[in-house]
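Predicted model only: the values in this text are computed from it and were never measured. Atoms within a ligand are numbered from 1 in the order they appear, just like the ligands themselves.
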Amino acid sequence: MSFVSKISGTTKVCGLFGDPVEHSFSPAMQNAAFSSLGLDYVYVPFLVTPADLGQALAAVRALNLVGVNVTVPHKEKVLPFLDELAPEAEIAGAVNTIVRQGGRLSGHNTDGAGFLRALEADAGFAPEGKNVLVLGAGGAARAVSAALARAGAREIRIAGRTAQKAAALAREINERTRGRARAIRWGEEDLLEALPDVQLVVQATPVGMHPRPEDCPPFPFQGLQSGHLVCDLIYHPPLTKFLARAKAAGARILNGLGMLLYQGVLAFELWTGVSAPVEVMRRALVEELHHQSSSK
Ligand code: NAP
């Protein structure tokens, strides 16, 4: 487990705003990265309730923090408190990383870019010209769809439990990017019809996540073959039921650990201006995953 060796008057402070924060993997990952490079930084989790979000953001300035990550339930609500938004945050309509420069706060979204980097680095997959099927229409689906559209995916087909949300997300992608998206019905027949010319499937719902690993979203696994790459954005457990069934059907699989890693890598680089020690951060995440799995 990583630890911070020395905190002094010069230590720079980053952190995480969320509710809850106690199971976050980010403190272990970021503090391991700071220690391994000998950087005088520390990363602290802050439990911030929705009612206190404005005051917490004022404190980023008042307490001279370098920046913070933002997680559930604040990723969208934080926007009005920021001075500027990076293009990917504007398109996603959500922020997961804030950087303070003097008195100004800029909002970034490294989730989408982190997902793209995981696809490329951990699965050798380039989205340009590919058709993608996304299951779910929440915040993660939005960040991933926007990033895929910007990276030149051919068509993004979005299946959501709530049809209006999937339709709204597809409309936003079409309006805000040069990409093409459409909503499809989440039913066996429609998914089977969509799969043959799809190369990437992204499971972006929380179904199957710890503490309910026995759950699995309904999906026609018989429509998968070796040409499909199937990603589940969940990383705890590392092998969800969804991924296990996709693998058994012959598809290549990728879990959400790479996305978590690379969104953190990009946040680290925004705060420090230094290349992140990727393998140190990956090891810290895997250790934290083992630690949390064995202590439940
Ligand atoms: P969210 O904003 O709450 O959205 C969840 C989506 O899943 C919604 O579209 C919701 O449908 C759908 N959903 C929920 N329960 C469902 C069910 N039983 N059947 C079908 N659809 C269901 O959550 P999020 O932030 O997008 O997170 C989604 C997942 O991605 C989580 O597991 C999260 O841990 C993971 N994630 C991973 C990373 C990473 O770095 N690897 C980053 C972000 C998120 P409705 O709209 O109908 O409610």
Side-chain angles (χ1 to χ4, degrees), residues 16 18-21 23-26 28-30 69-78 88-89 92-97 108-119 121-123 133-148 158-170 172-173 183-188 190-191 201-219 230-243 253-268 281-282 285-286 288-289 292:
L16 170 68
D19 182 7
V21 288
H23 296 299
S24 170
F25 288 39
S26 293
M29 169 170 65
Q30 298 292 355
N69 281 137
V70 180
T71 189
V72 176
H74 305 313
K75 284 185 178 182
E76 287 153 24
K77 297 195 179 71
V78 86
E88 71 284 355
V95 159
N96 79 331
T97 303
H108 302 255
N109 191 317
T110 66
D111 280 334
F115 174 72
L116 292 182
R117 194 138 153 206
L119 275 185
D122 299 344
L133 171 61
V134 176
L135 301 175
R142 170 174 276 107
V144 161
S145 301
L148 287 166
I158 303 167
R161 168 176 71 174
T162 311
Q164 304 94 293
K165 282 199 191 169
L169 176 54
E172 278 174 40
I173 298 296
I184 64 171
R185 214 175 59 83
W186 190 335
E188 173 152 335
D190 299 67
L191 295 179
V201 177
V202 184
Q203 200 300 99
T205 82
V207 183
M209 191 167 69
H210 172 81
R212 302 197 50 180
E214 66 285 359
D215 291 354
C216 182
F219 190 79
V230 176
C231 300
D232 196 326
L233 301 188
I234 294 171
Y235 46 86
H236 190 194
L239 184 68
T240 57
K241 203 150 217 178
F242 186 81
L243 283 188
I253 59 169
L254 183 70
N255 70 18
L257 201 76
M259 176 176 174
L260 179 67
L261 167 65
Y262 289 110
Q263 64 76 31
V265 161
L266 295 167
F268 177 99
M281 295 171 83
R282 192 193 299 274
L285 278 183
V286 170
E288 188 60 23
L289 189 56
Q292 290 202 17

Enquirer: Are any of the side-chain nitrogens in Lys241 or Asp232 under 4.0 Å away from the carboxylate oxygens of its partner?
Expert: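 Result for this pair is no, no salt bridge flagged.
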Enquirer: Can you list the atoms of ligand 1 that are under 4.0 Å from a heavy atom of Ile234?
Expert: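 Result: 32 (O).
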Enquirer: Give a yes/no on ligand 1: does Trp186 have at least one heavy atom closer than 4.0 angstrom to it?
Expert: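 So Trp186 counts as touching ligand 1.
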Enquirer: Just by distance, do the side chain of Gln203 and the backbone of Thr205 share a donor-acceptor pair under 3.5 Å?
Expert: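 Here the side-chain-to-backbone pair exists.
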Enquirer: Got a protein heavy atom sitting under 4.0 Å from atom 48 (O) of ligand 1?
Expert: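 At least one protein heavy atom is under 4.0 Å away.
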Enquirer: Going by an N to O cut-off under 4.0 Å, is there a salt bridge joining Arg117 and Asp122?
Expert: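 Not counted as a salt bridge, because no side-chain N and carboxylate O are separated by less than 4.0 Å.
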Enquirer: Find the distance between CG (Asn96) and OG (Ser26) and round it off to the nearest 0.5 Å.
Expert: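 Separation between the atoms: 9.0 Å.
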Enquirer: Below a 4.0 angstrom heavy-atom separation, can you tell me which part of Tyr235, side chain or backbone, both or neither, approaches ligand 1?
Expert: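 For Tyr235, only side-chain atoms sit under 4.0 Å from ligand 1.
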Enquirer: Is there a donor-acceptor pair under 3.5 Å between the side chain of Glu188 and the backbone N or O of Phe219?
Expert: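 Here the side-chain-to-backbone pair does not exist.
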Enquirer: Examine the proximity of ligand 1 to Leu260 and report which part, side chain or backbone, both or neither, has a heavy atom under 4.0 Å away.
Expert: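 Under 4.0 Å from ligand 1, Leu260 contributes backbone and side-chain atoms.
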Enquirer: Looking at Ala140, which atoms of ligand 1 are within less than 4.0 Å of one of its heavy atoms?
Expert: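 That gives atoms 24 (P), 25 (O), 26 (O), 27 (O), 30 (O), 43 (C), 44 (C) of ligand 1.
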Enquirer: Which atom pair, heavy atoms only, marks the closest approach of Gly136 to Ile158?
Expert: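 In terms of heavy atoms, the two residues are closest at O-CG2, 3.7 Å.
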Enquirer: Nearest protein heavy atom to atom 16 (C) of ligand 1, by residue and atom, and its distance?
Expert: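 Here the nearest protein heavy atom works out to Arg161 NH1, 3.3 Å.
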Enquirer: Which option out of Val144, Thr110, Leu169, Thr205 puts a heavy atom nearest to atom 29 (C) of ligand 1?
Expert: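 Residue with the shortest heavy-atom distance to the ligand atom: Thr205.
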Enquirer: Short question: side chain of Asn109, backbone of Ala94 - any donor-acceptor pair under 3.5 Å?
Expert: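 Such a contact is found between Asn109 side chain and Ala94 backbone.
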Enquirer: Checking Trp186 side chain against Thr162 main chain: does a donor-acceptor pair fall under 3.5 Å?
Expert: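 A pair under 3.5 Å: no.
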Enquirer: Looking only at protein heavy atoms, which one is nearest to atom 9 (O) of ligand 1, and what is the separation?
Expert: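 Scanning the protein heavy atoms, the shortest distance from atom 9 (O) of ligand 1 goes to Ala137 N, 2.9 Å.
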Enquirer: Write out the residue and atom name of the closest protein heavy atom to atom 5 (C) of ligand 1, then the distance separating them to 0.1 Å.
Expert: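 In this structure, atom 5 (C) of ligand 1 has Pro206 CD, 3.8 Å as its nearest protein heavy atom.
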Enquirer: Measure the shortest side-chain to side-chain distance between Val202 and Leu233 over non-hydrogen atoms and say whether it is less than 4.5 angstrom.
Expert: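 Yes; the side chains approach each other to less than 4.5 Å.
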Enquirer: Distance under 4.0 Å to a non-hydrogen atom of Lys165: what atoms of ligand 1 satisfy this?
Expert: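 The list of qualifying atoms is 45 (P), 46 (O), 48 (O).
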Enquirer: Indicate yes or no for a side-chain donor-acceptor contact from Gln263 to the backbone of Ala113 under 3.5 Å, with no hydrogens or angles considered.
Expert: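 Flag not set: sc Gln263 to bb Ala113 has no pair under 3.5 Å.
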Enquirer: Looking only at protein heavy atoms, which one is nearest to atom 2 (O) of ligand 1, and what is the separation?
Expert: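 Protein heavy atom at minimum distance: Gly139 N, 2.9 Å.
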Enquirer: Considering only the protein, which heavy-atom contact is closest to atom 33 (C) of ligand 1, and what is its distance?
Expert: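 For atom 33 (C) of ligand 1, the nearest protein heavy atom is Met209 SD, 4.3 Å.
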Enquirer: Looking at non-hydrogen atoms alone, which of Thr162, Leu233, Leu257, Leu261 comes nearest to atom 36 (N) of ligand 1?
Expert: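 Answer by nearest heavy atom: Leu233.
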Enquirer: Can you tell me the protein heavy atom closest to atom 28 (C) of ligand 1 and the distance?
Expert: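 Atom 28 (C) of ligand 1 sits closest to the protein heavy atom Ala204 O, 3.4 Å.
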Enquirer: With the side chain counted from C-beta on, respond yes when Leu261 and Tyr235 share a heavy-atom pair under 4.5 Å apart, and no when they do not.
Expert: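 No, every pair of side-chain atoms sits at 4.5 Å or beyond.
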Enquirer: Among all protein non-hydrogen atoms, which one is nearest to atom 4 (O) of ligand 1, and what is the separation to 0.1 Å?
Expert: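 Of every protein heavy atom, Gly138 CA, 3.3 Å lies nearest to atom 4 (O) of ligand 1.
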Enquirer: What is the closest protein heavy atom to atom 42 (C) of ligand 1, and at what distance does it sit?
Expert: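 For atom 42 (C) of ligand 1, the nearest protein heavy atom comes out as Met259 CE, 3.7 Å.
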Enquirer: Using a strict 4.0 Å cut-off to heavy atoms of Gly256, name the atoms of ligand 1 that fall inside it.
Expert: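 Selected atoms, number and element: 39 (C), 41 (N).
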